[in-house]
> 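Attaching a single structure in C-alpha cells format; questions to follow.
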Amino acid sequence: MKHLNAVLYITFFTLFLVSCDESNSNDNEKQPVISGNVDLIDAHSYSNIHQIRTKHVHLELDVNFENKTIYGVARHEMIRLKDTDTAIFDINGPEIQKVTLGKKGHEKETDFIIGTNKKILGQPLSVKIDKNTKYINIYYKTTENAAALDWLEPSLTAGKEHPYLYTQGQAILTRTWIPSQCTPAIRITYSADVKVPSDLMAVMSATNPTKKSEDGKYHFEMDKPIPAYLIALAVGNLEYKKLGDHCGVYSEPEMIKDVAWEFTDLQKMITAAENLYGKYQWGQYDVIVLPYSFPFGGMENPRLTFANPTLIAGDRSAVSVIAHELAHSWSGNLVTNASWDDFWLNEGFTVYFENRIMEELYGKEKADMLALIEFQELQNEIEIFKKDGQEEDTHLKLGLKGRNPDDGMTSIAYVKGAFFLKTLERDCGRRRFDEFLNSYFKDHAFSTLTTEQFKAYLNKKLLEPNNIKFNVDEWLYKPGLPKNCYAITSPRFEKVQQIARDFAAGKDIFKQPKKKKGKKREPALTRDLYTPQEWQAFIRQLPKTISPERLALLDEKLKFKSWGNAEVATEWYVLGIKAGYKDIRPNMEKFLMKIGRRKFLLPIYTALSETPDDKKWAMNVYDKARNNYHPVSVMTVDELLEYRP
Ligand code: BES
Ligand code: ZN
C-alpha cells in the first residue's frame, strides 16, 4: 500500500482511526452507512454512499488464465451528495496498485488507505479526493481470495479443451473482483473493455457478442442502472444460438443443441411474463449454461441469466428455474431489495411470479405441484429453525447485521415470501392483486425498496382503498407461518403418496393392477408414468426407517440412483443415507464429484455428517471433489463438515 503524505486531512485521518479501532472493538459496531434511500443502513457495506456515490463505472479488464488473475482498472464516475474529502469503496481480496483522480489520460495519483480486514465484509478502501473530484480510477489485480471467481481447468468443462471463468456477485462478492460501492442500496450503469485469450468468448450482464472476436477484445455496455451485485462476467469457449426475436442461449458448443431444446419455451415465457406484469425492460434476454461447478440453479444477471447445467435434464423438467430468473428481471433487477435484510422482496416476489409464469404456460395443476414441493421444504426448515432456537430467522424481515448475508438464502425469503403474496392474492382477488403488482413494478422501476416502504405502499394502494384487513405485520415480523397461509392441495401428489405408503407397508406396487369393471386397465408402475416432481413427492413420503432391501427394489425397478434428474437423485440419496442404504455410494460419489450446486450438496453432505461412518466417507469424497466447486460452495461445505484443508 502506498504511504501517506505527512499532512493529512482531519477527516481522512479520523477515518483511519475509526477503521483501526473497529478491529479491536465489537465486530458489530461498524459505522453504519446511510444511503439516499430514506435512512437505510446497509450493515454489509463500508461505502459512504450518502456523501458520494458511483454513477457509472467503466471497467478495463485483462483476463489472464495462466496466473488466474484479472488485471483491472475500475474507473468510477461519481456523484457528490455532501461535502467530503474521502470516497469509500468496498474491497475483499483485490490488491490495489494505485488510485488516480481525473479523466483517463489526465490523471493524478492520490492517497488511499485500506482499513482492517473483516471476515465476510472485507476492507474499506478510503480514497482521498478533491473538492471537484468526479472521476476516481482504481488500478488493481485480483488475488486467489476472489471468492466471486471460479477459474476452471479444461477438464472441468464440457469440451475439456479450454479453460473457463465465471463470476458470482450476489450477495457481497462483487467487491472480491471489482473495488466498488458494493451495496444494493445504490444503482450504477457500467461499461467494460475486456481482453481474453483469442480462442475464448467473453459475455457479461450487458450488451453481448454472439460471435468470437479475432483479437479476444470485447466491449460491453449496461446503460440501465443496476446494483453492483449484478455485474457479471463469463469467459469460455462459447457458442450462441438465437431462440426468439430478443432471446437466445449460450453454452459450450458440445451442449448448445441440448440447451436450445431444453429451453425451447423461452420466448413463450417472456411473453407470459410481459402479459402479467408489464414490458420487459432490458432489451435482450439470454441464458448461459455454465459448467457444473456453478453454485446455484440460476443467477439473474441482467440480460444474461447464468444457469446450472443440471437444468439440462433432457425432459424440460427444470425450466421453472428459468421462469424464476426471468421473473427477477422485474422483481430484483428492476425493483431491488435495499439491503440484504429485505432479501424476501427479491426472492419472495420472484418465486410468486415464477409460479404465475408456470401456471400460464403449463397449467395450474403443474404450478401447484411445483409450489407444494417448495412448501414442504419451507415447513421442514421452519421446524429446524424452531428446534435450533433460531426463530428470528423465520421472519420475512431479517436481521443479518454481523452475519454473512448468504445466511438469508433460506426457504423463508423464497417460499414464505411467495406464500405471503399468494395469501394476499387470495384475499384481494387475482385481478386486483395483479393490478397492484403492475403498478408496484412501474412505480418502483430502477429503484430500491425496504420492507417498510413496501408495507406502506401495500397499505396505501391495495389494502386501504379496498378496505381489506390483513395481518401484514405478522407476516413480516413474526416467526413461522401465520394461520391464514394459503393452502395448496395436489390430487396427483396424493396419488403417488398413497403408492409410497402402500410400498412402505409391504405391498407389491409393481404388480399390474387388476382391471376394474367399466374402467380402462391401469398400467403397471414405471418411472415414465409420473413426472420428476411426483417422484420427489413419492420419495419424501417413504419413511426413513425403510429397509435398504426395499430401497434396492425400488432402484431395480425405477432406477432412481442413476437418474440424470438431479432433483430426484438428491432426494433419493438423502433418504438412502438416512436408511443406511449403501448401494447408492458409487452413484452418489460421481454426483458429488461433478455437481457443485449448493442446493444439492448441502442436503447430501448434511445427511452424511450424521453418522461417523458416513462422515468419514463424505470427508474422503469431499477431499477429492472440493477442487471442482466454486468458492461459494466450498465455504459452505467447509463449515458444514468442519473441514480444514
Ligand atoms: N438470486 C438467486 C441466487 C442467489 C441468492 C445467489 C442469494 C447468491 C445469494 C437466484 O435467483 C436463485 O434464487 N436461484 C435459485 C433458483 C430457484 C429458487 C428456482 C437456486 O439457485 O436454486
Ligand atoms: Zn432468485
> Under the side chain to side chain donor-acceptor pair (under 3.5 Å) criterion, do D223 and T189 qualify, and how do the steps go?
CA-CA 5 Å; D223 61 1; T189 53; over 6 Å; no
> One pair to check against salt bridge (charged side-chain N to carboxylate O under 4.0 Å, His left out): E435 and R431. What are the steps and the verdict?
CA-CA 6 Å; E435 267 169 30; R431 190 186 50 80; 3.1 Å; yes
> Dump the intermediate steps for side-chain contact (heavy atoms from CB on, under 4.5 Å) on M204 and Y190, then the final yes or no.
CA-CA 11 Å; M204 292 190 84; Y190 84 89; 3.6 Å; yes
> Considering only NZ, NE, NH1 and NH2 on the basic side and carboxylate oxygens on the acidic side, decide whether D427 and K469 come within less than 4.0 Å.
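No.
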> May I ask you to say whether D342 pairs ionically with K397, meaning some side-chain N is under 4.0 Å from a carboxylate O?
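Salt bridge between D342 and K397, a charged N being under 4.0 Å from a carboxylate O: yes.
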> Under 4.0 Å between a side-chain nitrogen and a carboxylate oxygen: does that hold for D265 and R316?
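A salt bridge is absent here (no side-chain N lies under 4.0 Å from a carboxylate O).
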> Establish, yes or no, whether the cationic atom of K422 lies under 6.0 Å from the six-membered ring centre of F419 and within 45° of the ring axis.
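The answer is yes; both the distance and angle limits are met.
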> Just checking, is any N or O donor in the side chain of H76 or Q181 under 3.5 Å from an acceptor N or O on the other one?
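Short answer, no.
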> Any side-chain heavy atom of L370 within less than 4.5 Å of one from E374?
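When only atoms from C-beta onward are counted, E374 and L370 do not touch, as no gap falls below 4.5 Å.
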> Indicate yes or no: does E425 engage R430 in a salt bridge with an N to O separation below 4.0 Å.
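Looking at E425 and R430, the cut-off is met.
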> Cationic tip of R540 within the cone over W535's six-membered ring, i.e. under 6.0 Å and within 45° of the normal?
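Judged by the rule, R540 and W535 form no cation-pi pair.
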> Looking at D286 and K242, is any side-chain nitrogen of the basic one under 4.0 Å from a carboxylate oxygen of the acidic one?
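Salt bridge flag = no for D286 with K242.
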> Quick one about S191 and H56 (side-chain donor to acceptor, distance below 3.5 Å, no hydrogens or angles considered), yes or no?
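S191 and H56 do have a side-chain donor-acceptor pair below 3.5 Å.
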> Would you please indicate yes or no on a ring centroid separation below 6.0 angstrom for Y530 and F493?
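Judged by ring-centre distance (under 6.0 Å), F493 and Y530 do not meet the cut-off.
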> How long is the straight-line distance from NZ of K478 back to CD of E392, given to the nearest 0.5 Å?
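With rounding to 0.5 Å, CD (E392) is 11.5 Å from NZ (K478).
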> Do S490 and D368 pair up side chain to side chain, a donor and an acceptor below 3.5 Å, judged on atom types alone?
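No - no donor-acceptor pair under 3.5 Å links their side chains.
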> Quick one, F353 with H324, criterion ring pair (Phe, Tyr, Trp, His ring centres under 6.0 Å). Give me CA distance, side-chain angles, the key distance, then yes/no.
CA-CA 7 Å; F353 191 167; H324 178 97; over 10 Å; no
> Side chains of R597 and T310 only: does a donor on one sit below 3.5 Å from an acceptor on the other?
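A pair is found: one side chain offers a donor N or O, the other an acceptor, under 3.5 Å apart.
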> Excluding sequence neighbours, so at least two apart, what forms salt bridge (Lys or Arg N to Asp or Glu O under 4.0 Å) with K55?
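For K55, the residues satisfying salt bridge (Lys or Arg N to Asp or Glu O under 4.0 Å) (neighbours in sequence not counted) are E77.
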